[in-house]
Every structure is written in structure tokens, then in C-alpha cells.
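Just so we're clear, the structure is a prediction, and the values are computed from it rather than from any experiment. Residue numbers start from 1 in every chain, and the chains themselves are labelled A, B, ... in the order their sequence lines are given, proteins ahead of strands.
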There are 2 protein chains.
Amino acid sequence: MARDDHPDHPGRQDKAGRSTAWTDPACPVARTVDLVGDRWSLLIIRDAMDGARSFTDFQQRTGIARNILADRLRRLTAAGLLTQVEAGPGKRRPYALTQAGKDLFPVIVTLRQWGERHAFEPGETHSVLVDGDGAPVPDLLPVAADGSPLTSDTTSVRHVP
Amino acid sequence: MARDDHPDHPGRQDKAGRSTAWTDPACPVARTVDLVGDRWSLLIIRDAMDGARSFTDFQQRTGIARNILADRLRRLTAAGLLTQVEAGPGKRRPYALTQAGKDLFPVIVTLRQWGERHAFEPGETHSVLVDGDGAPVPDLLPVAADGSPLTSDTTSVRHVP
DNA sequence: TCCGATCAGTTGCAAAACGAAACCAATCGA
DNA sequence: TCGATTGGTTTCGTTTTGCAACTGATCGGA
């Protein structure tokens with residue numbers, strides 16, 4: 001292997017591909033927000049989870065401007081959340097979630113559950129997430145190792161040096 | 001009560017306070033992202049959960065520009081995620097999370113857990129979330145009503161009309 | 001194999017959002 | 001009482017976003 005090989009985790013990049021400093025390098029929340037915390041990235045991930053594969057799939061489902069979509073797909077690919085699967089020479093290469101991308105599923109689910117509870121008027125209709133049997137997915141709530149419920153008041157962040 | 005009373009759920013607003021259309025009105029994920037899906041809002045919520053109460057608390061912890069912070073605090077307050085608690089006449093009014101704001105805790109936790117797994121090099125140090133006993137909080141994973149694990153492949157979104 | 005339609009972007013330009021720094025009035029605290 | 005701190009606002013330059021038009025490659029049917 002050559003000296004300048006790619007790291008396991010690509011990190012942030014600006015639109016020219018230069019790597020950029022993290023907003024708050026020690027905080028996992030901040031790093032995740034640096035990677036997907038903009039108006040469109042999480043909706044692209046949502047649509048990929050919902051079956052979107054091609055550029056126009058994403059464009060039509062989200063309604064995002066095409067230049068911004070191209071940039072986001074490039075950035076999410078560089079960050080290792082999406083890949084383009086090979087399809088033979090001269091073939092179009094559909095996008096697919098990597099394992100890291102699929103691992104955002106709990107994030108999408110908690111965003112969805114918060115939205116269902118707090119971003120709709122009482123009688124307003126919205127889509128719902130259901131399991132294979134068509135039953136609604138239960139709320140995702142943090143619990144301690146012993147199963148007791150946790151809130152921001154009963155947890156703390158331990159800073160390791 | 002007067003005619004133009006506030007609705008239960010304030011919805012989106014631009015910086016002048018005018019209400020704005022949702023990106024994807026039927027999707028709870030998109031509505032949540034419309035409210036907190038920018039570079040700073042979730043970090044403000046994170047810091048509020050971690051004890052930040054004053055303007056300078058937030059400014060120093062996040063490093064955000066002051067004008068942008070003022071805008072985000074206003075916007076999060078208008079969206080019903082933050083309030084300013086009364087403190088007597090001529091006193092400063094510290095910010096506090098509303099119940100809706102506190103309910104973002106599972107979102108912060110899943111973002112954190114994804115970041116811990118995918119946004120750090122193998123040996124790189126980062127902060128960790130612990131419960132009252134100092135034990136790490138277990139991963140938050142979607143499960144069906146019967147307790148079986150769920151992924152984006154084993155769930156679907158039911159669109160209600 | 002030709003040809004029109006679709007796909008996957010790129011380019012150019014205007015509008016909006018962001019960021020740094022300076023500024024200001026109100027509150028705090030000694 | 002008086003200087004320091006707080007909680008912003010204003011100004012101005014930079015960056016990001018969005019729209020529309022354009023390009024070249026692929027697809028698919030005759």
C-alpha cells in the first residue's frame with residue numbers, strides 16, 4: 001500500500017474536496033451534524049432507505065435543486081454513507097447506502113417519531129412507519145443497562161482526555 | 001380569547017417571523033429537519049440538555065456567531081422547543097428546554113451513537129454518554145412491537161391520505 | 001443502427017444565509 | 001456609583017443555495 005492511503009473514516013470535506021476542521025472535534029453529536037446536519041442530507045438518506053437509487057429518484061422525491069443534489073451525493077459518498085455500485089462498463093451506477101449509511105436508521109426513526117408527536121396539529125394526517133406486519137413501530141427511548149428509562153437529566157457526558 | 005391566537009404547533013418561520021411552507025408537508029422526518037436540520041440548532045439543543053441557560057453559555061460552548069445564535073434562539077423559541085423562564089421585573093430570563101425540546105433527547109442520543117461508531121478513527125478519543133451510575137448508555141435500536149430488531153429493509157412508510 | 005427521449009450531471013447568475021467585528025443599551029456586582 | 005458583563009443588533013463581506021439553461025452520455029424502440 002502507498003503512504004497516502006485513505007483513512008477508515010473520511011471526515012468532512014468542502015465542495016472542492018479539501019478536508020475541513022470539525023466544529024467540535026471531541027463531540028460525536030457535533031461530528032455527525034457536521035456530516036449530515038443540513039437541510040437535505042438526511043432527506044436523501046431517508047429516500048435511499050425508502051428505495052431511491054438514481055439521481056432523478058432523489059431529485060423528484062426531495063425536490064432539491066440539481067446542483068445541490070449533485071454536491072450532496074458527492075459529499076455523502078466521500079463521507080462513506082453512500083456508494084455507487086458497479087454495473088458493467090458504460091453502464092449507469094446506481095447509488096446505494098453503505099453500512100454506515102444504513103446505520104443512520106435509528107436517527108431517521110427518532111426524527112420521525114419526534115415529528116409525528118410535535119410537528120403536526122392534532123387532527124393533521126401524516127405518514128407512519130410500520131413493521132413487516134403493518135404494525136406501527138414503537139417509540140425509541142433511551143434506557144440504562146438495567147432497562148430503566150433515561151432522560152437528559154439522568155445522563156451526563158463524560159469527557160475523556 | 002382573540003381571533004388570531006397562536007396554534008398548538010407553531011410550524012416553520014423565516015427570520016422575519018413569516019410562516020413558511022414545509023419542505024415535505026406529509027413527512028414527519030422532513031418537518032423535523034425543517035425545524036432543527038441546520039448546522040447549529042441541534043448543537044444548541046445538545047448544550048441546553050447539558051446545562052446551558054444563558055446567551056453566553058450557548059455562545060461559548062458552540063462558538064457560533066452571535067447574530068446567528070440570536071436568530072436560532074429566537075427561532076427555536078418560536079417553534080416551541082425553548083422558552084425563556086420569568087425571573088422577576090428587570091431580570092434576565094434564562095433559556096430552558098420545553099417538553100418538546102426535551103423530547104429531542106432520543107434524536108441527540110442516536111446522533112451521538114452513530115458518531116461514536118462512524119465518525120472517529122479507531123483509536124481516537126471522544127466523549128461518552130453515561131447513566132447515573134457512570135455506565136455507558138446502550139445503543140438505541142428500533143424494534144417491532146414483539147421486540148424483534150428492525151432495519152430500513154424490514155419497515156415501510158404507510159402514506160395516509 | 002438510427003434517433004428521439006431520458007438521465008446525470010455542469011454552468012452562470014441572482015438571492016439568501018452565514019460569519020466576523022464593531023457597536024449599544026441594560027443589568028450585575030463590588 | 002461605576003466599571004464589567006450580558007444580551008443582543010448592525011454592518012458588511014463571504015459562502016451557500018436555488019433556478020434555469022445547457023451538455024454529453026445512455027437507453028430503448030423502430
Side-chain angles (χ1 to χ4, degrees), chain A residues 12-24 30 33-44 47-48 52-78 82-96, chain B residues 12-24 30 33-44 47-48 52-78 82-96:
Chain A
R12 281 184 95 185
Q13 295 182 205
D14 65 12
K15 68 182 168 194
R18 290 177 297 255
S19 71
T20 293
W22 298 106
T23 298
D24 184 349
V33 168
D34 278 345
L35 292 174
V36 298
D38 68 273
R39 181 146 309 318
W40 294 114
S41 294
L42 284 167
L43 298 185
I44 290 169
D47 288 336
R53 296 283 173 266
S54 67
F55 189 91
T56 36
D57 275 353
F58 290 109
Q59 209 274 321
Q60 288 172 351
R61 297 193 197 208
T62 59
I64 187 175
R66 305 171 67 76
N67 53 341
I68 306 298
L69 175 59
D71 176 73
R72 291 300 181 277
L73 290 173
R74 219 176 352 251
R75 207 179 287 218
L76 291 171
T77 302
L82 289 178
T83 58
Q84 291 186 271
V85 315
E86 284 307 330
K91 296 284 181 193
R92 287 183 189 133
R93 304 160 59 225
Y95 292 94
Chain B
R12 283 185 94 185
Q13 294 183 204
D14 65 14
K15 68 182 169 194
R18 291 177 296 256
S19 71
T20 292
W22 299 105
T23 298
D24 184 349
V33 169
D34 277 344
L35 292 174
V36 299
D38 68 271
R39 180 142 317 317
W40 294 115
S41 294
L42 284 167
L43 298 184
I44 290 169
D47 288 337
R53 297 282 173 267
S54 67
F55 188 91
T56 35
D57 275 353
F58 290 110
Q59 209 274 320
Q60 289 172 350
R61 297 193 198 208
T62 58
I64 186 175
R66 304 168 65 77
N67 52 343
I68 306 300
L69 175 58
D71 176 73
R72 291 301 181 278
L73 290 173
R74 219 175 355 249
R75 207 178 287 218
L76 291 171
T77 301
L82 289 177
T83 58
Q84 290 186 272
V85 314
E86 284 306 330
K91 297 282 181 193
R92 290 185 186 129
R93 305 159 59 225
Y95 293 93

Practice problem: Just call it for A:Arg93: base, sugar-phosphate, or nothing, with non-hydrogen atoms closer than 4.0 Å on any strand. | Solution: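 Result for A:Arg93 = nothing.
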Just by modelled atom types, is the [Y] backbone N or O under 3.5 Å from a matching donor or acceptor in the [X] side chain?
| X | Y | answer |
| --- | --- | --- |
| A:Arg12 | A:Leu35 | no |
| B:Asp34 | B:Thr23 | yes |
| A:Gln59 | A:Ala65 | no |

Practice problem: Could you identify which residues of residues 53-70 of chain A place a heavy atom less than 4.0 Å from some atom of DNA chain D, listed by residue number, or say none? | Solution: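 DNA chain D contact set from residues 53-70 of chain A: A:Ala65, A:Asn67, A:Ile68.
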Between [atom2] of [N] and [atom1] of [X], the distance in whole Å:
| X | N | atom1 | atom2 | answer |
| --- | --- | --- | --- | --- |
| A:Arg72 | D:dT17 | CZ | C1' | 8 Å |
| A:Lys15 | D:dG18 | NZ | P | 13 Å |
| A:Arg39 | D:dT17 | CZ | P | 10 Å |

Quiz item: chain A on DNA chain C: first and last contacting nucleotide, 5' to 3', under 4.0 Å to a heavy atom?
Solution: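 Range of nucleotides touched by chain A: C:dT6 to C:dG12.
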Residues in side chain to side chain donor-acceptor pair (under 3.5 Å) contact with [X], at least two apart in sequence or another chain:
| X | result |
| --- | --- |
| B:Thr62 | none |
| A:Arg39 | none |
| A:Arg93 | A:Glu86 |

Self-check item: Five-pair end axes of the helix from C:dT1-D:dA30 to C:dA30-D:dT1, angle between them (10°)
Solution: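 The value is 40°.
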Self-check item: Member of B:Thr83, B:Thr77, B:Leu76, B:Val85 meeting the side-chain contact (heavy atoms from CB on, under 4.5 Å) criterion with B:Tyr95
Solution: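 The side-chain contact (heavy atoms from CB on, under 4.5 Å) with B:Tyr95 is passed solely by B:Thr77 among B:Thr83, B:Thr77, B:Leu76, B:Val85.
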Starting at [atom1] of [X], measure out to [atom2] of [Y] and round the result to the nearest 0.5 Å.
| X | Y | atom1 | atom2 | answer |
| --- | --- | --- | --- | --- |
| A:Arg75 | A:Ile44 | CZ | CD1 | 10.5 Å |
| B:Leu42 | B:Arg72 | CG | CZ | 11.0 Å |
| B:Gln84 | B:Arg92 | CD | CZ | 12.0 Å |

Exercise. Could you say whether A:Arg92 or B:Tyr95 is positioned toward the 5' end of DNA chain D, judged by the nucleotide with the nearest heavy atom to each?
Key: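 Result of the comparison: B:Tyr95.
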Quiz item: Salt bridge or not for B:Arg53 and B:Asp57, using N-O below 4.0 Å?
Solution: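 No, no charged N to carboxylate O under 4.0 Å.
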